[in-house]
Amino acid sequence: MHVGIVGGGAVGLTVAGDLAERGSAVTLYERDDLGSGASGRAAGICYDAFADPTDAAVATRALERYREWGLLSPCPYVWVARDERDARAVREQVAEMRALGLDVEELTPEALGDRYPAIETSGLTACAVANDAGTVDPDAVVDYLTDRARTAGVTIHTETTAALTDPTTVATPDGSETVHDAVVVAAGPATKPLLADLDIPLALETYRAQVLVAEPVAADLPSLYDASREFYWRPWEGGILVGDGAHAVDPDAWDPTADPGFVRSASERFRVATALDPAVARSWAGRCTATPDRDPLVGPVADDYWVATGWQGHGLMRAPAIGEYLAERLHGTTPTIEVPLAEQFDPTRFDGDETFHPLGDPTAEW
Ligand SMILES: Cc1cc2nc3c(=O)[nH]c(=O)nc-3n(C[C@H](O)[C@H](O)[C@H](O)COP(=O)(O)OP(=O)(O)OC[C@H]3O[C@@H](n4cnc5c(N)ncnc54)[C@H](O)[C@@H]3O)c2cc1C
């Protein structure tokens, strides 16, 4: 089987490697450099704290593979609430996750403060921790997946924009057209226009997410998501990465530089949450993809024509499991993940003409 992959991010590279290791001849097309899309701009937080059984199974398998590949640094993932409504949600999530067998527990704010003295716990109404979580270095992930794909025999064309002239024929700017037995499009926001060229609609929207990296902090910190203040951080090379500032964006006209307003606001949120005030070293923005129900689009959209996108900011942490799953499906073998992923993530479950805000709440912009 000869498979064409469009997109050299974490997802495209993983599925390429997994297919080649199973004996497929694989050609991967990347319009810029490998990892130049969202994958190289991600925060690199990976966790299994999902209450939905499919999401939890995907995350568990992905963490397992990142560990096997030596790419995961253990780092607990804490999430906190500051009002009663969010606190109820945290408690319900913990109960559901524990019922799925995940190593997740609720902590009192005092216990969180004992474990991480640098966190300002006054004002917290609920806290939870996912103990199996970790972080990855996005550049290291892309490098590892590239080496793995090349070693398995994948032919990689960078700076090669692919177009589809029919579901299995990839046209490149040098005028050549290659017919594959199957094509997988994992092109992030560009997946939608690529499919539109073949009159296949896709329920996909794009938003922009921002992060900053601050100088080293002399404190032991976990990764943390503040559900009430809607921002997160993770330890990053001795310093700290702080993120969010997400808002809807035109996928073709967007600024890869973080907004000064985001840098001010995110630094202030981190300072208030920890009383630490590290200097900001750098910041950037990237594009994420969204779907009407916040579940991704993974599977065939036509005969031998597959897509994988719509990660809602969770694509890097899912890539190892999704790549494996797609390779298994394409080879007709039983997927390692034992959940109804095919139905839940079916890309054709929407008409494709749905109107929706990528962040759910149009007022979420800040
Ligand atoms: C600021 C930020 C923080 C994030 N933090 C996290 C996090 O902590 N954890 C997490 O799991 N996720 C995170 N994400 C989301 C994550 O980065 C993405 O979900 C994931 O990288 C998607 O991988 P991908 O391979 O599907 O897409 P991408 O990495 O976007 O790759 C798609 C590739 O397709 C290429 N392409 C597009 N069109 C064509 C074409 N016509 N021909 C050839 N190539 C084409 C692009 O150049 C691109 O390289 C974050 C994202 C951002 C922006």
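One-based numbering, in listed order, for ligands and for the atoms of each. This one's a predicted model, so the numbers in the text were calculated from it and none came from an experiment.
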Can you figure out which of Ile45, Leu316, Asp32 has its heavy atom closest to atom 9 (N) of ligand 1?
Ile45
Is there a polar contact between ligand 1 and Ala308, counting only N or O atoms under 3.5 Å apart?
no
Give me the nearest non-hydrogen protein atom to atom 30 (O) of ligand 1 as residue plus atom name, then the distance to 0.1 Å.
Ala38 N, 3.0 Å
Hey, does Asp33 come in under 3.5 Å of ligand 1, counting only N/O atoms on both sides?
no
Polar side chain donor-acceptor pair, Thr27 to His2, under 3.5 angstrom
yes
Under-4.0 Å heavy-atom contact with ligand 1, by part of Tyr47 that carries it:
neither
May I ask you to decide whether Glu64 forms a salt bridge with Arg67, counting only side-chain N to carboxylate O separations under 4.0 Å?
no
Asp18/Arg65 salt bridge by N-O under 4.0 Å criterion:
yes
For Gln312 and Asp295, what are the C-alpha separation, side-chain angles and deciding distance, and is it a side-chain hydrogen bond (donor to acceptor under 3.5 Å, both in side chains)?
CA-CA 8 Å; Gln312 213 87 36; Asp295 270 341; over 6 Å; no
Mind checking whether Thr289 has a heavy atom under 4.0 Å from ligand 1?
no
of all protein heavy atoms, closest to atom 31 (O) of ligand 1 is Gly9 CA, 3.5 Å
Measure the distance from atom 22 (C) of ligand 1 to every protein heavy atom, then report the residue, atom name and distance (to 0.1 Å) of the closest one.
Trp311 CD1, 3.6 Å
Shortest protein contact, atom 3 (C) of ligand 1 (heavy atom only)
Ala43 N, 3.4 Å
Protein heavy-atom partner closest to atom 2 (C) of ligand 1 - residue, atom, separation in Å
Arg41 O, 3.5 Å
Is there a donor-acceptor contact under 3.5 Å linking the side chains of His314 and Tyr47?
yes
Using a 4.0 Å heavy-atom threshold (strictly under), name the region of Cys288 that reaches ligand 1: side chain, backbone, both or neither.
side chain
Who's closest to atom 37 (C) of ligand 1 heavy-atom-wise, of Glu30, Arg31, Arg234, Gln210?
Arg31
Are any of the N/O atoms in Val11 less than 3.5 Å from those in ligand 1?
yes
Under a 4.0 Å N-O cut-off, is there an ion pair linking Arg318 with Asp55?
yes
Taking atom types as modelled and ignoring hydrogens, do the side chains of Asp143 and Thr146 form a donor-acceptor contact shorter than 3.5 angstrom?
no
Assess whether a salt bridge exists between Arg22 and Glu328, defined as any Lys/Arg side-chain N lying under 4.0 Å from an Asp/Glu carboxylate O.
yes
May I ask whether Gly243 places a heavy atom under 4.0 Å from ligand 1?
no
Distance-only donor-acceptor check, side chains Tyr144 and Arg148, under 3.5 Å
no
Tell me whether ligand 1 is touched by Thr309 - counting only heavy atoms on the residue side and a distance under 4.0 Å.
no
Within-cut-off N or O pair, Ala209 and ligand 1, under 3.5 Å:
no
Looking only at non-hydrogen atoms, which of Ala42, Gly310, Gly313, Ala162 approaches atom 12 (N) of ligand 1 most closely?
Gly313
What residue and atom, counting heavy atoms only, is the protein's closest point to atom 11 (O) of ligand 1, and at what distance?
Met317 N, 2.7 Å
Before signing off on this row, confirm whether Gly188 and ligand 1 have an N or O atom pair separated by under 3.5 Å.
no
salt_bridge(Glu343, Arg349) N-O dist < 4.0 Å:
no
Which one of Ala163, Ala319, Ser39, Ala190 has a non-hydrogen atom at the shortest distance from atom 29 (O) of ligand 1?
Ser39
Are any of the side-chain nitrogens in Glu324 or Arg61 under 4.0 Å away from the carboxylate oxygens of its partner?
yes
Part of Thr161 with heavy atoms under 4.0 Å of ligand 1, whether side chain, backbone, both or neither:
both
Within a reach of under 6.0 Å around CG of Asp303, are more than 12 heavy atoms found that belong to other residues, nucleotides or ligands?
no
Charged tip of Arg269 within 45° of Phe262 ring normal and under 6.0 Å:
no
